[in-house]
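So the structure is just underneath, and the comments pick up after that.
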Number of protein chains: 2
Amino acid sequence: MAQSNDTTSYKDIKQTVLARIRSGKWQPDSLLPNEQELAAEFSCTRTTVNRAMRELAEEGYLERRRKAGTRVLSAPQRQARFTIPMVRDEVEALGGTYRYALVSADSETAPEWLSARLALSPKQSVVHVRCMHFNGNTPFQYEDRWIVTASVPQVQQTDFSEVGPNEWLIQTVPFTNVELSFLASRANATVAGFLDVTEGDPVFTGERITWLEGQPVTFAKMYFAAGYRMTTEF
Amino acid sequence: MAQSNDTTSYKDIKQTVLARIRSGKWQPDSLLPNEQELAAEFSCTRTTVNRAMRELAEEGYLERRRKAGTRVLSAPQRQARFTIPMVRDEVEALGGTYRYALVSADSETAPEWLSARLALSPKQSVVHVRCMHFNGNTPFQYEDRWIVTASVPQVQQTDFSEVGPNEWLIQTVPFTNVELSFLASRANATVAGFLDVTEGDPVFTGERITWLEGQPVTFAKMYFAAGYRMTTEF
DNA sequence: CAGTGGTCTAGACCACGGA
DNA sequence: CCGTGGTCTAGACCACTGC
């Protein structure tokens, strides 16, 4: 199928193995034949079997350990992958026209809660940017962001009136680690005003911390407009 | 590093390539050397280069096309992976003791909104299960679930007083497709009561639809207790 | 058409970790 | 110790697609 020829591809093996798991032929927790035996069964090399099984393990269906062999996971630890698009792309994917508006950008001393959150030394300088992302004229996301000046000195000379801080950061600073959270919060007066909802309404909220080689770069809170849902399929 | 010997491993290549991207030596949108040239540079086989570059592409750093070659993605489409653990595991990972309690389980005719959502023919039979998941004695999640009888006939003879519907389903029915959404909703009187929050409070909410070979199996709403956040690092 | 990535083979050495 | 998976090599054929 996958190949025009009749060779057994790693995709064929994946499909077959998945089918055996689903049909119950290979029960959860049961030990599977080793790679050599499977290679013989599928009349291909061990390399090909290895790729198939390795990918199935990455996808959360199997557990593999040297010497112990390969087992079917009883509760498939399937992973949901959410692509984290830039706001602009997300709006445009909805068929809308993206518009950005700066609310404020100020250099200030990091508030205590932020210093604690990012493990900054006290009274470090940060740039605080607040901005809005629109879908046409409809509010889409209100963003509240702090950028650590010491990690990104150029931020002090940057004008965020045309380019959003996220797009600017991505083009300017690489990152090595990200912590991303989602939660439901309550709209305070400010957020409610920007998102055109009633104060106290539930707001889908994201928090993102970004590091570069252990140095904190930025902390962002993203408040999504009413009705937003983060969706994935797998 | 990765190997005890001094051979160049695919992991070394990944690191080097990432470093070049981050340092700006390989600019976004720029065309990279082809696999043969890279293999020569790293003095390894093309197979090894291929694995490194393929994985970097899967991770969202590169774009590869036959004949067109490999390019650095301008806006790294990094993906957040959330593992979707079973509630029990999630609670136990927090160091708590998991406790399950059935609220109700009834066979009924699918309400119209559900038929529409799952594309069921009208008036199909479903089993409606409501239950609670606790962390010790603290409410953790309230679950509202419908299971399509036609897809899982055994559900009619199943007692959900001891085993939660999710654990039961996972052990009973395989699935091929899942749609998973997260949103912020407002606690109605029922949800507020079960989660011990005030009516109208924001509630982090998940919705999950599961199919087996195109057949809808189950629809679940999961309401998380106050303070819940879904977190990932990458 | 021709260049690039996608995949397979046949064989090898080795790291890990269970018994 | 020694079986199992993890990875690399050297070489090959081919699918796709831009020119």
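Chain identifiers are assigned alphabetically (A, B, ...) following the order of the sequence lines, protein sequences preceding nucleic acid strands; residue numbering begins at 1 within each chain.
- The residues B:Glu63 and B:Arg54 are annotated as not salt-bridged, no charged nitrogen and carboxylate oxygen being separated by less than 4.0 angstrom.
- Between B:Glu55 and B:Lys14, at least one side-chain nitrogen of the basic residue sits less than 4.0 Å from a carboxylate oxygen of the acidic one, meeting the salt-bridge criterion.
- Taking the six-membered ring where tryptophan is involved, the planes of A:Phe204 and A:Phe182 are essentially parallel, since the angle between them stays under 30° and well short of 60°.
- Residue A:Arg64 places at least one side-chain N or O under 4.0 Å from the OP1 or OP2 atom of D:dG6.
- For the atom pair OH of A:Tyr142 and SG of A:Cys131, the computed distance is 8.5 Å after rounding to the nearest 0.5 Å.
- Salt bridge A:Arg64/A:Glu35: present, at least one basic N to carboxylate O contact under 4.0 Å.
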Taking only N/O atoms, report every protein-nucleotides 17-19 of chain C pair under 3.5 Å with atom names and distance.
| residue | atom | partner | partner atom | Å |
| --- | --- | --- | --- | --- |
| C:dG18 | OP1 | A:Arg65 | NH1 | 3.4 |

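- Mapping A:Gly69 and B:Ser43 onto DNA chain D by nearest heavy atom places A:Gly69 closer to the 5' end of the strand.
- With rounding to whole Å, B:Ile13 atom CD1 is found 19 Å from D:dG6 atom P.
- Counting only heavy atoms from C-beta outward, the side chains of A:Val217 and A:Trp211 never approach each other to under 4.5 Å.
- If you measure from atom CZ of B:Phe42 to atom P of D:dC8, you get 13 Å, rounded to the nearest angstrom.
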Between B:Glu143 and B:Arg208, does the salt bridge (Lys or Arg N to Asp or Glu O under 4.0 Å) criterion hold? Intermediate values first, please.
CA-CA 11 Å; B:Glu143 178 181 346; B:Arg208 178 181 172 134; over 6 Å; no

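- Between A:Gln36 atom CD and D:dT4 atom P there is a gap of 8 Å when expressed in whole angstrom units.
- Taking atom CG of residue B:Asn34 and atom C1' of nucleotide D:dT17, one finds them 16 Å apart after rounding to whole Å.
- Applying the 4.0 Å criterion to OP1 and OP2 of C:dT7, one finds that A:Tyr10 has a side-chain N or O inside that range.
- The nearest whole Å value for the distance from the CG atom in B:Leu31 to the C1' atom in C:dG3 is 11 Å.
- Residues of residues 44-51 of chain A having a heavy atom closer than 4.0 Å to DNA chain D, listed by number: A:Arg46, A:Asn50.
- Residue pairs satisfying the salt bridge (Lys or Arg N to Asp or Glu O under 4.0 Å) criterion with at least one member in residues 159-170 of chain B, sequence neighbours excluded, are listed as follows: B:Arg88-B:Glu167.
- In this structure, CD of A:Glu55 is placed 12 Å from C1' of C:dG6, rounded to the nearest angstrom.
- Taking B:Lys221 as the reference, B:Glu207 meet the side-chain hydrogen bond (donor to acceptor under 3.5 Å, both in side chains) condition, with sequence neighbours excluded.
- Look at CE on A:Met53: it is 15 Å from P on D:dT7, rounded to the nearest Å.
- Partners of A:Thr138 according to the side chain to side chain contact (heavy atoms under 4.5 Å, CB included) rule, which considers only residues two or more places apart in sequence or in another chain, do not exist here.
- Checked by atom type, the side-chain pair B:Ser30/B:Arg71 shows no donor-acceptor distance below 3.5 Å.
- When base pairs are accepted only as Watson-Crick or G-U wobble with both N-N or N-O distances under 3.5 Å, DNA chain D takes part in stems of 3 or more pairs at C:1-18 with D:1-18.
- Atom CD of B:Glu63 and atom P of C:dG5 are 12 Å apart (whole Å).
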